[in-house]
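Both counts, for ligands and for their atoms, begin at 1 and track the order of listing.
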Amino acid sequence: MSSLTDSVLVSIRNLSFSRGDRVIYDNVSLDVARGKVTAIMGPSGCGKTTLLRFIGGQLYPDQGQVLVNGQDVPQMSRRELFSARAKMGMLFQSGALFSDLSVYENVAFPLRAHTKLPETLIHELVLMKLEAVGLRGAVHLMPAELSGGMQRRAALARAIALDPELIMYDEPFAGQDPIVKGVLVTLIRTLREALGLTSIIVSHDVPETLHIADYIYIIANKTIIGQGTPEELRHSESPFVQQFLTGSPDGPVRFHYPAPSFSQELGGVQ
Ligand SMILES: Nc1ncnc2c1ncn2[C@@H]1O[C@H](COP(=O)(O)OP(=O)(O)OP(=O)(O)O)[C@@H](O)[C@H]1O
C-alpha cells in the first residue's frame, strides 16, 4: 500500500446520487485524512448527512466508490459491514440516546453488542469513556435528567465506547448555547489529539468548524465548491466560499429549493 493510501482513511471516488429526479451528487471525489478532523459544510439540503450515510453503509450511491481503509463500503457483505461499523462511531444530532436506558447502559450498549467482554471490564470502560467527556458523576442518571449539552456528551461517550478509528459528527453544535459549543469544540479536538481519532464533522456552524477542522470541503450545487484548510478558505477569492463563510443569503448558491415560478404556481396570475 502506498503512503498516500496509508494517510487516507476514507476516500470517495466519482460518486453520483439522485433522489427521484433530483441530483444530490454529480461525480464527487474527496478524501478524509487519517488522524485529522475533516469538515463537510454546505447549505441545508445539499447532501451532507447523505454522505455520512454512504460511509456508514446505510445508503448506497448510484455510482462511485466509498472506500474505508481501501474497502468499498457498498460492496461489503452484511458481515463485513457489521465489523466495519464497529470501527465507526456516529454522533447524530437527534435521538442519540436510548431514553429508557441509564447513561451507564447507553455507553455499555455497543460494548455488549459487539464484544463478549466480562462485566468488570465493561464497567471500567464505561467509566473511562464517561470520565473522558466529564460525565462520570452522571453515570446513573437517565437521559431525561441531563441537559441537552450533557446528552450530547453522553452520546459522544457511547460513540467512542469501542475505540473507533473514525467518528462522524452530524451537526454536533446544533441548538447548543455558546458555552456548550465551546465544550464540544474542546472535546472533539482533545479526542483527536489524545486518541488520534479520524473525525468527520458535518456542520453549519462556521466559527466552530473553522476552529476545529484541519481540512474543509464545502458542498453545494451537487459538487464540491471549495476546499482547503481553514486559513486557505478564509483567504479564498471564490464568491461561493465567501458566501458560505459569511452566511450571506444572496450569492451564487441558491436560497430556494427548485420550484416552478411563483406566478405559474399561483395559476398564471401576474
Ligand atoms: N429519505 C429521503 N427521501 C427522499 N429525499 C430525501 C431523503 N432524505 C433526504 N432527502 C433529500 O436529499 C437531500 C439531501 O439531504 P441531506 O439530509 O443529506 O442534506 P443535508 O445537507 O444534511 O441537510 P441539513 O443541513 O439541512 O441537515 C435533501 O434535499 C433532502 O430533501
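- Close approach of ligand 1 to Arg22 is summarised as follows: ligand atoms under 4.0 Å from at least one heavy atom of the residue are 13 (C), 28 (C), 29 (O).
- Judged by the shortest distance from any of its heavy atoms, Arg53 lies outside the 4.0 Å radius around the atoms of ligand 1.
- Atoms of ligand 1 lying under 4.0 Å from at least one heavy atom of Cys46, given by number and element, are 19 (O), 21 (O).
- Heavy-atom proximity to His204, at under 4.0 Å, picks out these atoms of ligand 1: 25 (O).
- Less than 4.0 angstrom separates some heavy atom of Thr50 from each of these atoms of ligand 1: 14 (C), 15 (O), 16 (P), 18 (O).
- In summary, the aromatic rings of Phe82 and His114 are positioned with their centroids under 6.0 Å apart.
- In this structure the side chain of Ser238 never reaches within 4.5 angstrom of the side chain of Ile225, judged on heavy atoms.
- At under 3.5 Å, not a single nitrogen or oxygen of Ile24, backbone or side chain, sits near a nitrogen or oxygen of ligand 1.
- A perpendicular orientation is assigned to the rings of Phe54 and Phe17, their planes being inclined by more than 60° (bins at 30° and 60°).
- Using a 4.0 Å cut-off between a side-chain N of Lys or Arg and a carboxylate O of Asp or Glu, Arg13 and Asp72 do not qualify as a salt bridge.
- In summary, Arg53 and Asp170 do not engage in a salt bridge, as defined by a charged side-chain N under 4.0 Å from a carboxylate O.
- Judged by the shortest distance from any of its heavy atoms, Gly47 lies inside the 4.0 Å radius around the atoms of ligand 1.
- Across the listed options Arg19, Glu171, Lys48, Met41, Lys48 owns the non-hydrogen atom lying nearest to atom 20 (P) of ligand 1.
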For Gln58 and Met90, run side chain to side chain contact (heavy atoms under 4.5 Å, CB included): C-alpha distance rounded to whole Å, both residues' side-chain angles, the deciding distance at 0.1 Å, then the answer. CA-CA 12 Å; Gln58 288 105 348; Met90 296 194 205; 3.6 Å; yes

